[in-house]
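Index from 1, following the sequence. Remember, it's 1-based here, ligands and their atoms both numbered in the order they're listed.
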Amino acid sequence: MQRIDGAAIAAKVLEETKTRAESLRKEGLRPGLAVVLVGDDPASRAYVRSKDKKAADLGFHSVKKELPAATSQVDLLAIVAELNADPAVHGILVQSPPPAHINEAEIVRAIDPRKDVDGFHPVNVGKLAMDDPSGFVPCTPLGCLRLLTESGIETAGRKVVIVGRSLIVGKPLALLLMRKGPGGDATVTVAHSRSKNLADITRAADIVIAAIGRPHFLGSDHIREGAVVVDVGINRVDDPSSPKGYRLVGDVDYEAVVERCAAITPVPGGVGPMTIAMLMSNTVTAAERLRSATCI
Ligand code: GUN
């Protein structure tokens with residue numbers, strides 16, 4: 001059984017990213033990332049802080065905006081417009097999900113697609129669907145793919161079942177795995193909360209990717225002997241014995257399936273660190289592209 005070490009692979013991606021950022025710095029360009037949080041959801045706040053901290057660690061210009069839950073749509077649109085116009089900012093991320101009164105689709109459309117390092121803007125979603133490499137690909141799916149390729153896990157011709165159909169993970173990951181070429185060429189099935197006989201579907205998979213956001217949703221019945229499991233879930237569950245009062249668990253019951261897997265990502269320490277590393281990489285890509293665009 002191979003335990004896929006997301007922290008080690010993320011460190012490698014961050015090292016590459018740092019080198020790319022340093023060569024931009026030599027040309028006088030400092031990559032800039034803005035992360036925006038609306039509201040006080042504790043998990044979102046923790047994610048935004050670690051994104052901001054990682055950007056600062058890499059020497060990026062890092063802007064963190066933590067806005068009250070009552071922030072209006074108009075005010076949030078104005079902040080996005082300000083960041084779009086700021087030449088020191090190359091990447092913009094608005095943490096999802098925002099409070100219920102915010103129209104998230106409108107916010108995403110307001111972000112300049114050239115600064116949309118999340119890859120959520122319709123232009124970037126379209127480019128991914130059309131195999132146009134000039135767009136941005138969402139960070140978590142990119143991270144999942146990199147975990148597989150770095151671990152020597154072949155996707156070509158293999159049956160991959162993704163559990164979850166979100167815009168952030170399930171849908172873009174299906175598109176990535178379907179692409180022609182390395183890290184693609186898979187036979188992809190997307191299952192979700194309304195799928196019938198889910199265990200029958202996942203047991204047919206060579207690779208199961210769990211991205212449904214429910215703690216321990218998949219157990220030993222769902223995973224066949226010798227399968228690869230990528231667990232995207234990061235769920236907080238109450239744990240009075242832990243100092244924080246909670247612990248993080250995945251969408252997969254790790255203990256129940258670990259012995260039957262060929263390879264598995266742990267939670268924490270699997271996909272989580274990769275998402276942040278790919279965000280940093282996308283930010284440097286945005287800076288490189290915006291530089292080339294202004295040179296022409
Ligand atoms: N919420 C959970 N994952 C993500 C992500 O990758 N980007 C944004 N903006 N919000 C998220």
Side-chain angles (χ1 to χ4, degrees), residues 6 10 13 17 33-55 62-67 69 71 76-77 79-80 83-84 89-100 102-113 115-125 128 135-147 162 164-176 209-215 230-236 248 250-251 265 267-268 270-283 285-286:
V13 173
T17 305
L33 174 67
V35 282
V36 181
L37 172 70
V38 186
D40 40 27
D41 176 70
S44 291
R45 188 178 288 269
Y47 296 140
V48 161
R49 292 210 167 137
S50 46
K51 288 167 184 174
D52 175 59
K53 184 175 180 305
K54 192 61 77 185
S62 184
V63 179
K64 174 163 57 90
K65 292 196 184 285
E66 291 181 302
L67 309 172
T71 302
L76 186 53
L77 285 170
I79 286 168
V80 169
L83 295 169
N84 280 341
V89 169
H90 305 101
I92 302 170
L93 175 148
V94 179
Q95 186 65 25
S96 181
I102 296 289
N103 176 346
E104 189 175 13
E106 187 187 26
I107 301 298
V108 166
R109 282 171 171 76
I111 296 172
D112 183 336
K115 297 191 176 188
D116 170 38
V117 284
D118 258 331
F120 296 166
H121 190 285
V123 164
N124 288 317
V125 176
L128 173 60
F136 287 101
V137 178
C139 304
T140 304
L142 266 187
C144 291
L145 210 62
R146 187 76 188 257
L147 285 177
I162 301 168
R165 54 180 158 180
S166 69
L167 284 169
I168 297 185
V169 187
K171 273 187 205 167
L173 190 47
L175 289 168
L176 280 176
I209 302 179
I212 198 151
R214 298 195 194 171
V230 176
D231 191 350
V232 180
I234 305 178
N235 307 290
R236 289 186 176 199
L248 298 178
D251 290 354
T265 64
V267 176
V271 175
M274 292 302 292
T275 296
I276 296 193
M278 301 322 294
L279 173 65
M280 301 304 134
S281 170
N282 277 357
T283 301
T285 302

Can you tell me how far [atom2] of [Y] sits from [atom1] of [X], rounded to the nearest 0.5 angstrom?
X      : Y      : atom1 : atom2 : answer
Ile111 : Leu83  : CD1   : CG    : 9.0 Å
Asp118 : Ile168 : CG    : CD1   : 7.0 Å
Glu104 : Gln95  : CD    : CD    : 9.5 Å
Lys115 : Leu33  : NZ    : CG    : 11.0 Å

Subject >> Polar contact flag, side-chain donor to acceptor under 3.5 angstrom, Thr265-Asp231 >> reply: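 Short answer, no.
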
Considering non-hydrogen atoms of the protein only, which is the closest contact for [atom], and what is the distance?
atom                    : value
atom 3 (N) of ligand 1  : Ile168 CG2, 4.1 Å
atom 10 (N) of ligand 1 : Ser96 N, 2.9 Å
atom 11 (C) of ligand 1 : Gln95 NE2, 3.4 Å

Subject >> Those atoms of ligand 1 less than 4.0 Å from some heavy atom in Asp118 >> reply: 5 (C), 6 (O), 7 (N), 8 (C), 9 (N)

**OP:** Report yes or no: does Phe120 have a heavy atom closer than 4.0 Å to ligand 1?
**Re:** yes

Subject >> Audit row: Asp116, Asp112, side-chain contact (heavy atoms from CB on, under 4.5 Å) steps and yes/no >> reply: CA-CA 6 Å; Asp116 170 38; Asp112 183 336; over 6 Å; no

Subject >> Polar contact flag for Leu93 and ligand 1 (N/O pairs, less than 3.5 Å) >> reply: no

Original post:
Backbone, side chain, both or neither: what part of Leu279 comes under 4.0 angstrom of ligand 1, heavy atoms only?
Top reply: neither

